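The block underneath contains the structure these notes are about, expressed in structure tokens.
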Amino acid sequence: MLVVLSPAKSLDLESPVATRKFSQPEFLSEARKLVKDLKKLNPEELSELMHMSSKLGTLNYARFANWQTPFDKDNARPAIFTFIGDVYQGLEAKSFTSADLNYAQKHLRILSGLYGVLRPLDLMQPYRLEMGTRLATSKGQDLYGFWGRKLTSNLNEDLATEKGKILLNLASNEYFNAIDVKALDGTVITPVFKDFSNGKYRFLSFYAKQARGMMAAFVIRNRITTVEKLKEFDSAGYRFSADDSTETKLVFLRKRAA
């Protein structure tokens, strides 16, 4: 089972990294091209492009100005210990054993607007570039055009080594839209997490993001390889609902937070 996550806007650039192992991003040369274009923009233009505050525009202007290769342990950090948004709070990678990290390296992928696809131990330097950003390049008017089929082909290479060829989609629509599902050589399983609120079960973004991270951790810690075993996920009070699910959309409901 290959698990796909979105990245996070919030980054941890200070805390100790719980492993000495690291790897290099597959699409580092493509990232260089994007950074070259981004370095041409001033803070105000970055703020406008990414719809963010002037403070964040200035911060990311400095990040892109300082972005350089080659990556090493002194100027970059493994992705899984750098992203700290809601999904990664649920993932709790700092609690992974060495064996868990090795398993995650083979079975977990993080989609990224700048880096394309990251393995957990791939080194990265700080950035802000969401997949939906309309950054014009020689390949198109946005990042979907820039990446084209590359990300899909990369996932297919990983799926070729996966028993059952199951891709567990725990990414947001913004990021998973960069994948050509029809060209994927595998079955896409998309979990949906709903919490009981105001008399009905609803999709609540904050809780759903945490649940995605928790499910990724469940797969990694328990070495889950089948959809039937995936249905046993019960972290934080979620339970599989067969009545609300289909073969490829698995719905998990929670009456109240555990």
Side-chain angles (χ1 to χ4, degrees), residues 4-13 22-85 87-88 108-158 171-181 183-184:
V4 176
L5 290 177
S6 300
K9 297 176 185 176
S10 301
L11 305 178
D12 176 5
L13 307 175
F22 66 88
S23 50
Q24 295 290 339
E26 179 91 12
F27 296 111
L28 197 52
S29 61
E30 285 81 357
R32 284 194 203 98
K33 294 176 184 177
L34 288 173
V35 171
K36 183 178 180 181
D37 287 338
L38 290 162
K39 283 184 175 182
K40 298 174 183 177
L41 304 179
N42 61 39
E44 292 75 19
E45 290 169 329
L46 284 174
S47 295
E48 183 177 355
L49 175 69
M50 302 189 202
H51 307 291
M52 57 189 179
S53 68
S54 58
K55 182 178 179 180
L56 287 173
T58 300
L59 172 63
N60 285 282
Y61 175 81
R63 284 174 170 174
F64 291 128
N66 293 325
W67 197 97
Q68 60 181 328
T69 56
F71 285 180
D72 58 41
K73 290 189 292 183
D74 293 325
N75 66 16
R77 291 168 59 91
I80 201 170
F81 296 115
T82 303
F83 295 120
I84 56 170
V87 171
Y88 295 87
L108 177 65
R109 298 293 178 264
I110 303 167
L111 301 177
S112 165
L114 179 61
Y115 296 104
V117 178
L118 289 166
R119 294 168 295 179
L121 298 180
D122 280 352
L123 294 176
M124 58 169 279
Q125 290 179 4
Y127 75 102
R128 175 76 166 268
L129 187 65
E130 296 175 55
M131 189 64 80
T133 302
R134 294 189 62 81
L135 176 67
T137 69
S138 60
K139 297 182 180 180
Q141 294 302 308
D142 55 27
L143 293 179
Y144 298 116
F146 176 83
W147 288 110
R149 289 286 189 93
K150 288 184 178 181
L151 309 189
T152 306
S153 296
N154 182 268
L155 294 181
N156 275 337
E157 290 176 9
D158 290 326
S172 66
N173 290 337
E174 175 186 353
Y175 283 88
F176 203 66
N177 282 342
I179 305 303
D180 184 351
V181 175
L184 276 177

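For clarity, every value in this text was computed on a predicted model and none was experimentally measured.
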Report yes if the side chains of [X] and [Y] come closer than 4.5 Å at any heavy-atom pair, otherwise no.
{"X": "Thr152", "Y": "Leu155", "value": "no"}
{"X": "Asp142", "Y": "Thr133", "value": "no"}
{"X": "Trp147", "Y": "Val117", "value": "no"}
{"X": "Ile110", "Y": "Ser6", "value": "no"}
{"X": "Asp37", "Y": "Phe146", "value": "no"}
{"X": "Leu38", "Y": "Tyr127", "value": "no"}
{"X": "Tyr175", "Y": "Val4", "value": "no"}
{"X": "Leu34", "Y": "Leu143", "value": "yes"}

* Among all residues two or more places apart in sequence or in another chain, which pass the side chain to side chain donor-acceptor pair (under 3.5 Å) test with Lys150? -> Glu30

Between the main-chain N or O of [Y] and the side-chain N or O of [X], is there a donor-acceptor pair closer than 3.5 Å?
{"X": "Arg77", "Y": "Asp12", "value": "yes"}
{"X": "Glu157", "Y": "Asn154", "value": "no"}
{"X": "Asn177", "Y": "Met131", "value": "no"}
{"X": "Asn75", "Y": "Pro70", "value": "yes"}

* **From CA spacing to verdict: side chain to side chain contact (heavy atoms under 4.5 Å, CB included), Tyr144, Lys139** => CA-CA 9 Å; Tyr144 298 116; Lys139 297 182 180 180; over 6 Å; no

Which heavy atom of [X] sits nearest a heavy atom of [Y], and at what distance?
{"X": "Phe22", "Y": "Leu123", "answer": "CD1-CD1, 3.4 Å"}
{"X": "Pro7", "Y": "Ser112", "answer": "CG-CA, 4.4 Å"}
{"X": "Pro126", "Y": "Arg63", "answer": "CB-NE, 3.7 Å"}
{"X": "Arg109", "Y": "Pro120", "answer": "NH1-CD, 4.3 Å"}
{"X": "Arg128", "Y": "Glu130", "answer": "NE-OE2, 3.5 Å"}
{"X": "Trp67", "Y": "Gln125", "answer": "CA-OE1, 3.3 Å"}

Atom pair [atom1] ([X]) and [atom2] ([Y]), whose distance is rounded to the nearest 0.5 Å:
{"X": "Ser153", "Y": "Asp158", "atom1": "OG", "atom2": "CG", "value": "11.5 Å"}
{"X": "Leu59", "Y": "Phe64", "atom1": "CG", "atom2": "CZ", "value": "9.5 Å"}
{"X": "Tyr88", "Y": "Leu5", "atom1": "OH", "atom2": "CG", "value": "5.0 Å"}
{"X": "Asn156", "Y": "Leu151", "atom1": "CG", "atom2": "CG", "value": "11.5 Å"}
{"X": "Tyr61", "Y": "Glu44", "atom1": "OH", "atom2": "CD", "value": "9.5 Å"}
{"X": "Phe81", "Y": "Leu121", "atom1": "CZ", "atom2": "CG", "value": "7.0 Å"}

* Structure fact -> Applying salt bridge (Lys or Arg N to Asp or Glu O under 4.0 Å) to Arg119 and not counting sequence neighbours gives Asp122

Tell me if the [atom1] atom of [X] is crowded by more than 12 foreign heavy atoms within 6.0 Å.
{"X": "Arg32", "atom1": "CZ", "result": "yes"}
{"X": "Lys9", "atom1": "NZ", "result": "no"}
{"X": "Phe71", "atom1": "CZ", "result": "yes"}
{"X": "Lys36", "atom1": "NZ", "result": "no"}
{"X": "Gln141", "atom1": "CD", "result": "no"}

Sequence neighbours excluded and cut-off under 3.5 Å, please list the side-chain donor-acceptor pairs for residues 46-55, or say none.
{"unit_1": "Ser47", "atom_1": "OG", "unit_2": "Pro43", "atom_2": "O", "d": "3.0"}
{"unit_1": "Ser47", "atom_1": "OG", "unit_2": "Ser53", "atom_2": "O", "d": "3.1"}
{"unit_1": "Ser53", "atom_1": "OG", "unit_2": "Leu56", "atom_2": "N", "d": "3.2"}

